[in-house]
Amino acid sequence: MRRTLLLALLLSGAAASAAAQDLLIRGGPIYTGAETAPTAEMVQVRDGRIVYVGAAAGAPPADGLEVVDLEGAALFPGFTDGHAHLDGIGWREMTLNLEGSASIAEAMARLTAWAGSHPDGPIIGRGWIETHWPEARFLTAADLDAAAPGRVVLLSRADGHAVVASSAALAAAGITADTAAPSGGEILKDDSGRPTGLLVDAAEQLVSSLAPQADPAALREAYRAGFRVEAEYGWTGVHFMSAPWRDIPLLEQMAEAGEAPLRIYNSVTPDGAAELIAGGPRSVADGRIITRAIKYYADGALGSRGAALFEPYADRPDTTGLMQIGEQEIVPLYQAALRGGIQIATHAIGDRGNASVAEWYQQALAGVAPADRPNGADVRWRIEHAQIIRPEDYHWFVDLPIIASMQPSHAIGDLHFAPARLGDARLDGAYAWHRLVDLGVIVVGGSDAPVERGAPLIEFYAAVARRDLQGFQGPDWRPHEAVDRQTALKMFTLWPAYASFREDELGTIEVGKRADFTAFSVDLMTAPMADIPKGHAVLTVVDGVVVHRAD
């Protein structure tokens, strides 16, 4: 179908107001997500709220409603990405994208081409991942030097937990064989002790000053690009993880000006913790931008061997990963958040990282009585990723409780290297969506874009198929951890609403709730699994406003 983006029309407050619509949606299967009435024939919307859901026969008068014919597409509650980086999604559109590079040779050919068309200034890029490359190794400074001689080049690995720097970049940052890695980081070195160019986790900060600082206009354009991409995919909301504290005023200004077509729930960088705690949760534009959480990091990523494990990596016995923070530092910060009514989201990927965070949560909660918390016992703290968990540590997610914020596409990408990193035994607690759901844990689905592509249909497919996009699963990749389609729907609709304290107004198609909908060309509830990622979003509606439509 011909694609028509309405988002471009929503870049001013006047345009946003003019676009407000009262709608009657019909003409395809409608899945409400509600337990008592899971399907419907028609939905009516007035003033941004759902006023009718049900059969066509007996529906109230539709005077003044714009009719939206789904033409067979399937309608769902608005899909929310429970973990993504909105700024990174936008910058991916504006910098060198190495996603999908099949080899070092291809990645470096892209770098050479980019350098030729962008002759001035540092070259910034991301998206490479070496696990499937025939060269079977990380990028090095020598690779970058050959592809873009003399240039300052910084190329982030897909997971964002490692960056390779050119020789010019290393020199500009003063990194030599004698440079010590900061706590929580690693500077990879060759046999002679010289830096290879790869900087892991905290060591990335050694070159961060080399990246050009975005001017306000460029930053605003990056967020516009992020909104556009997410709306095209069918997301109606994003839980923005590691939202830069300095960017919150800009996002709020954009919302007030009608330039934020999607819902954004911010979990901010730690540099904003004290100010957010002192001021309390923030909300503007009728809840379009909400800032209520702080994001911390406990460890690194599995692919770059920064995830903290109890036992050494199976494919590199000299390391157990990297912790980014410790108990004495983090528990007081958690307790301050409790007293300020601020939610906590902590990145933890390895089994040691997850166990540590759970224990820290327990200590913090025990140290601040519910009577001293604005939210009482209802704090809804989260662990972001929760990828590798020892089965004996599942109880923390139930007892405290902890929301598990997980990204299904990680499992269908990591299946190609995680067994080598972990060995077979540790796979019993890896990407354990089904087991956690069975225990009654809220499992929020997300994409971690731009680490992953960020498409909701890929994420849904990964959750229910637990196979890569070519149908490969590999030997004993714990297929029982796939979830059923009804559960997957909750992971991207109702449970993100709960994790952002908005389940009373979002997450299902029910009378009185806000009119957020996503329609896909493929019926997620009935289509063959292999067909799910082949579809696309045909309609994205937020508060009754159509922000994307494909005709």
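All values below come from the heavy atoms of this structure, side chains included, with hydrogens, waters and symmetry mates left out. No experiment lies behind these values; they were computed from the predicted model shown.
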Do E459 side-chain atoms and S409 backbone N/O form a donor-acceptor pair below 3.5 Å?
-> yes
Residue pairs fulfilling side chain to side chain donor-acceptor pair (under 3.5 Å) with at least one residue in residues 330-340, sequence neighbours excluded = Y334-T346
Just by modelled atom types, is the G300 backbone N or O under 3.5 Å from a matching donor or acceptor in the S304 side chain?
-> no
When rounded to the nearest 0.5 angstrom, what is the spacing between CG in N266 and CD1 in I248?
-> 3.5 Å
Does the side chain of E99 reach to within under 4.5 Å of the side chain of R92, using non-hydrogen atoms?
-> yes
Could you tell me whether D315 and R305 have a side-chain N and a carboxylate O separated by less than 4.0 Å?
-> yes
Tightest non-hydrogen contact, residues A418 and W477, listed as CB-CH2, 3.7 Å
Polar side-chain atom of N354 near backbone of I349 as donor-acceptor pair, under 3.5 Å = yes
Got a sec: does the CD of E106 have more than 12 other heavy atoms crowding it under 6.0 Å?
-> yes
Working to the nearest 0.5 Å, report the span between CD1 of I344 and CD1 of I402.
-> 12.5 Å
Which atom names give the shortest non-hydrogen contact between A260 and A255, and what distance separates them?
-> CB-CA, 3.7 Å
Step by step, would you call I290 with S500 a side chain to side chain contact (heavy atoms under 4.5 Å, CB included)?
-> CA-CA 9 Å; I290 293 176; S500 58; over 6 Å; no
Does the K189 side chain pair with the main chain of A177, one donor and one acceptor, at a distance under 3.5 Å?
-> yes
Go through the steps for D516 and L506 under the test side chain to side chain contact (heavy atoms under 4.5 Å, CB included), then give the verdict.
-> CA-CA 7 Å; D516 288 12; L506 299 171; 3.5 Å; yes
With rounding to the nearest 0.5 Å, note down the distance linking CG in N375 to CG in L338.
-> 9.0 Å
Close side-chain approach of D351 and R426, heavy atoms under 4.5 Å = yes
So does E256 pair up with R288, basic N to acidic O under 4.0 Å?
-> no
With sequence neighbours left out, the residues meeting ring pair (Phe, Tyr, Trp, His ring centres under 6.0 Å) with H85 are H83
Does some side-chain heavy atom of T291 sit less than 4.5 Å from a side-chain heavy atom of P281?
-> no
Beyond-backbone contact of F138 with L188, side-chain heavy atoms, under 4.5 angstrom | yes
Kindly determine whether M406 and L436 satisfy side chain to side chain contact (heavy atoms under 4.5 Å, CB included), including the steps that lead there.
-> CA-CA 11 Å; M406 307 177 78; L436 289 170; 3.7 Å; yes
Lys/Arg N to Asp/Glu carboxylate O, E252 vs R282, below 4.0 Å = yes
Using the six-membered ring wherever Trp is involved, compare the ring planes of H347 and H385 and label them parallel, tilted or perpendicular (cut-offs 30° and 60°).
-> perpendicular
Does some side-chain heavy atom of R220 sit less than 4.5 Å from a side-chain heavy atom of M254?
-> yes
Under 6.0 Å from the CZ atom of R316, do we count more than 12 heavy atoms belonging to anything else shown?
-> yes
Looking at G150 and A168, what are the two nearest heavy atoms and their distance?
-> O-CB, 3.8 Å
Go through R137 and D143 one step at a time and tell me if the salt bridge (charged side-chain N to carboxylate O under 4.0 Å, His left out) criterion holds.
-> CA-CA 11 Å; R137 63 172 176 83; D143 296 320; 2.8 Å; yes
Any sub-3.5 Å donor-acceptor pair from D190's side-chain atoms to G193's backbone N or O?
-> yes
Tell me, with the steps shown, if L276 and W245 meet side chain to side chain contact (heavy atoms under 4.5 Å, CB included).
-> CA-CA 9 Å; L276 180 61; W245 178 247; 4.0 Å; yes
Between F310 and R390, is there a cation-pi geometry (under 6.0 Å to ring centre, at most 45° from the normal)?
-> yes
Look at the side chain of S166 and the backbone N and O of R151, then say whether any donor-acceptor pair between them is shorter than 3.5 Å.
-> yes
Do D81 and S447 have side-chain atoms, one donor and one acceptor, less than 3.5 Å apart?
-> yes
Between CZ of R502 and OG1 of T80, what distance do you get to the nearest 0.5 Å?
-> 9.5 Å
Once the angle between the rings of F492 and W235 is folded into 0 to 90°, is it parallel (under 30°), tilted (30 to 60°) or perpendicular (over 60°)?
-> tilted
Counting distance only, does the side-chain N/O of S267 pair as donor-acceptor with the main-chain N or O of S242 below 3.5 Å?
-> no
Results of ring pair (Phe, Tyr, Trp, His ring centres under 6.0 Å) for H239 - residues two or more places apart only = Y265
Min side-chain heavy-atom separation D299-R352 under 4.5 Å = no
Quick one: does NZ or CZ of R292 land under 6.0 Å from the six-membered ring centre of F501, within 45 degrees of the ring axis?
-> yes
Could you tell me which non-hydrogen atom of A141 sits nearest to which non-hydrogen atom of A165, and how far apart they are?
-> CB-O, 3.2 Å
Shortest non-hydrogen contact between L422 and L427, atoms and distance | CD1-CD2, 3.9 Å
Determine whether the side chains of D145 and S167 contain a donor N or O and an acceptor N or O closer than 3.5 Å.
-> yes
So does R228 pair up with E93, basic N to acidic O under 4.0 Å?
-> yes
Roughly how far, to the nearest 0.5 Å, is NE2 of H161 from CD of Q324?
-> 8.0 Å
Side-chain donor or acceptor of R380 paired with backbone N/O of Y498 under 3.5 Å = yes
Run the ring pair (Phe, Tyr, Trp, His ring centres under 6.0 Å) check on H416 and H132 step by step: do they pass?
-> CA-CA 8 Å; H416 294 282; H132 63 287; 8.3 Å; no
Is W128 close to L96 at the side-chain level, that is, under 4.5 Å between some pair of heavy atoms?
-> no
Closest contact, heavy atoms only, A115 versus I123 | CB-CD1, 3.7 Å
Side chains of I325 and Y297: does their closest heavy-atom pair fall under 4.5 Å?
-> no
Side chain T140, main chain G197, donor-acceptor under 3.5 Å = no
Spacing of CH2 belonging to W381 relative to CD1 belonging to I342, to within rounding of 0.5 Å | 11.0 Å
Salt-bridge criterion met for R466 and E481 (N-O under 4.0 Å) | no
